[in-house]
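Every value quoted in this text rests on a predicted model; they were computed, and no experiment measured them. The basis for the numbers below is simple: all heavy atoms, side chains too, and nothing from hydrogens, waters or symmetry mates.
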Amino acid sequence: MATIELQAVDAVEVTIVIDMFVDILMAGQEGVRRFPLAYDWSDRDCLVAEHGFSALITIERNGDRSALLYDGGLSVQGLQRNLDVMDINTANLRAIAISHGHVDHHGGLEGLFQRHGRMKLPLVIHPDAWKDREIRFPTGNKLHMPPPRATDLEAEGLTVVEERGPTLLIDDCVLVSGQVERVTEYEKGFPFQFAHVNGDWEPDPWIFDDQNVVVKVRDLGLVVVSACSHSGVVNVLRNAQRLTGEQHIGAFVGGLHLTGGIFEPIIPNTIADFVALGVERVVPAHCTGWRATHELARSMPEAFVQPSVGTVFRFESSSAQTR
């Protein structure tokens, strides 16, 4: 397969709009801007965390800024509230991408439309994301994972772009990966997942609709944002390298899906291969799990940064820093 001509940008900012953790006292550092404190913070609406994920990915190129919203979190109230509290201006929003069909990644999108009205934007989604799914745990508990509905999205003015393969957006500067190639032996999807097909529930472990967003920053390399990495985070990163031909990974932001008893046994293999990939900055969010997060912090102390809702992570070329 020929590599994709992903255009390099001067900088990219990844703003955590929805995630499972918020800490208003967390300190910032170079390239990490925490949400600012306010003296009367207790009298204001505050940021909320929930079991979901949403990130605003803003690229800078030749002085212009354009953005993509990657996922919409779980609840309408959560997304709308955090957009309001952060006073996020969506005037430069050019597209929306959905990582996969689980409801904690698309359920809050209505909050965007309640805030801004109908939006004539493309929305990129894998065709498997329309599957109605449920998670069946060994304890007997079940979780329903309802999919998004194309008619609802189109009613909000969106143009639904259904694609299994890679998609280039925003002047070929943003790559939505499409279906991720699976190459590792230990990253085997989500064994407890079932999909409703032709009136019956059948095993659906692979979550082929899992897709991520890739941006190439001049002099830095790839910045990969992956909400859940159901494909396996090592597969996600190797797939980004394969698609673009760029081997250097400047940053990874998102979930590694290593939480819970079924995934914790693969933490050692995952971390070892992740470290070997030489990722310069790792921001483990959403479904990474506390054990894997601690192990990443121990194994990659210089690269590790704890995310929090409202944080803006900036990755820029060395030439942009000197302007």
Side-chain angles (χ1 to χ4, degrees), residues 19-20 50-53 70-71 73-74 98-107 125-148 164-165 177-212 224-240 242 252 254-277 282 284-296 299:
D19 198 11
M20 294 161 61
E50 66 178 22
H51 188 99
F53 186 80
Y70 178 53
D71 282 357
L74 173 64
I98 301 299
S99 64
H100 60 297
H102 286 175
V103 67
D104 50 326
H105 297 268
H106 66 79
I125 191 167
H126 187 286
D128 282 8
W130 309 119
K131 290 183 176 182
D132 188 20
R133 289 161 162 156
E134 66 180 27
I135 311 299
R136 298 180 181 178
F137 295 98
T139 59
N141 291 333
K142 295 181 181 180
L143 278 181
H144 186 212
M145 291 293 189
R164 291 186 184 274
S177 70
Q179 191 165 312
V180 173
E181 184 179 52
R182 316 295 173 98
V183 295
T184 61
E185 294 182 357
Y186 55 86
E187 295 175 308
K188 299 178 184 287
F190 204 157
F192 298 154
Q193 179 172 269
F194 289 74
H196 198 238
V197 180
N198 298 324
D200 294 316
W201 289 97
E202 61 182 38
D204 181 39
W206 290 108
I207 316 185
F208 285 125
D209 43 320
D210 177 61
Q211 57 185 2
N212 53 85
V224 181
V225 186
S226 182
C228 265
S229 305
H230 283 295
S231 309
V233 69
V234 176
N235 285 329
V236 164
L237 294 177
R238 290 177 178 171
N239 189 68
R242 180 183 65 86
F252 173 86
L256 282 74
H257 213 281
L258 294 172
T259 188
I262 190 171
F263 296 104
E264 288 176 354
I266 70 170
I267 289 175
N269 285 338
T270 303
I271 301 298
D273 285 346
F274 194 94
V275 171
L277 284 163
V282 54
H286 189 45
C287 52
T288 301
W290 71 270
R291 291 186 188 276
T293 298
H294 284 219
E295 185 59 27
L296 282 167
S299 302

Considering residues at least two apart in sequence or located in another chain, which fulfil the side-chain hydrogen bond (donor to acceptor under 3.5 Å, both in side chains) criterion with [X]?
X      : answer
Thr288 : none
Trp130 : Glu162
Asn269 : none

Check whether any side-chain heavy atom of [X] lies under 4.5 Å from a side-chain heavy atom of [Y], and answer yes or no.
X      : Y      : answer
His196 : Lys131 : no
Gln211 : Tyr70  : no
Asn239 : Ser231 : no
Pro205 : Phe190 : no
Leu256 : Leu296 : yes
Phe252 : Leu277 : no
His144 : Asp132 : yes
Arg133 : Pro147 : no

Would you list the pairs meeting salt bridge (Lys or Arg N to Asp or Glu O under 4.0 Å) in which at least one residue belongs to residues 183-202, sequence neighbours left out?
-> none

[X] versus [Y], closest heavy-atom pair with distance:
X      : Y      : result
Ile262 : Pro191 : CD1-CG, 3.4 Å
Ile125 : Pro148 : CD1-CG, 3.9 Å
Ser299 : Ile271 : OG-CG2, 3.6 Å
Asp210 : Val180 : O-CG2, 3.8 Å
Ser226 : Ser229 : OG-OG, 2.8 Å

Leu258 and Glu295: side chain to side chain contact (heavy atoms under 4.5 Å, CB included), yes or no, with the steps?
-> CA-CA 11 Å; Leu258 294 172; Glu295 185 59 27; over 6 Å; no

Derivation and outcome, side chain to side chain contact (heavy atoms under 4.5 Å, CB included), residues Arg164 and Asp128 = CA-CA 8 Å; Arg164 291 186 184 274; Asp128 282 8; 3.6 Å; yes

With sequence neighbours left out, which residue pairs that include part of residues 256-265 fulfil the side chain to side chain donor-acceptor pair (under 3.5 Å) condition?
-> Glu264-Arg291

Ring geometry between Phe53 and His286 (parallel below 30°, tilted from 30 to 60°, perpendicular above 60°) | tilted

Describe, in one word, how the ring planes of His230 and His100 are oriented to each other, choosing from parallel (under 30°), tilted (30 to 60°) and perpendicular (over 60°).
-> perpendicular

Side-chain donor or acceptor of Asp19 paired with backbone N/O of Ala285 under 3.5 Å = no

Donor-acceptor contact present, side-chain Asn235 to main-chain Thr184, <3.5 Å | yes

Side-chain donor-acceptor pairs of residues 134-143 under 3.5 Å, sequence neighbours excluded:
from	atom 1	to	atom 2	distance (Å)
Glu134	OE2	Arg136	NE	2.5
Glu134	OE2	Arg136	NH2	3.0
Thr139	OG1	Asn141	N	3.4
Thr139	OG1	Asn141	ND2	3.4

Roughly how far apart are Ser99 OG and His126 NE2, rounded to 0.5 Å?
-> 12.0 Å

d(His51 NE2, Leu74 CG) to nearest 0.5 Å is 8.0 Å

Scan side-chain atoms only and decide if Asp71 and His105 contain a donor-acceptor pair under the 3.5 Å cut-off.
-> yes

Steps toward side chain to side chain contact (heavy atoms under 4.5 Å, CB included) verdict (Tyr186, Val234) | CA-CA 10 Å; Tyr186 55 86; Val234 176; 3.4 Å; yes

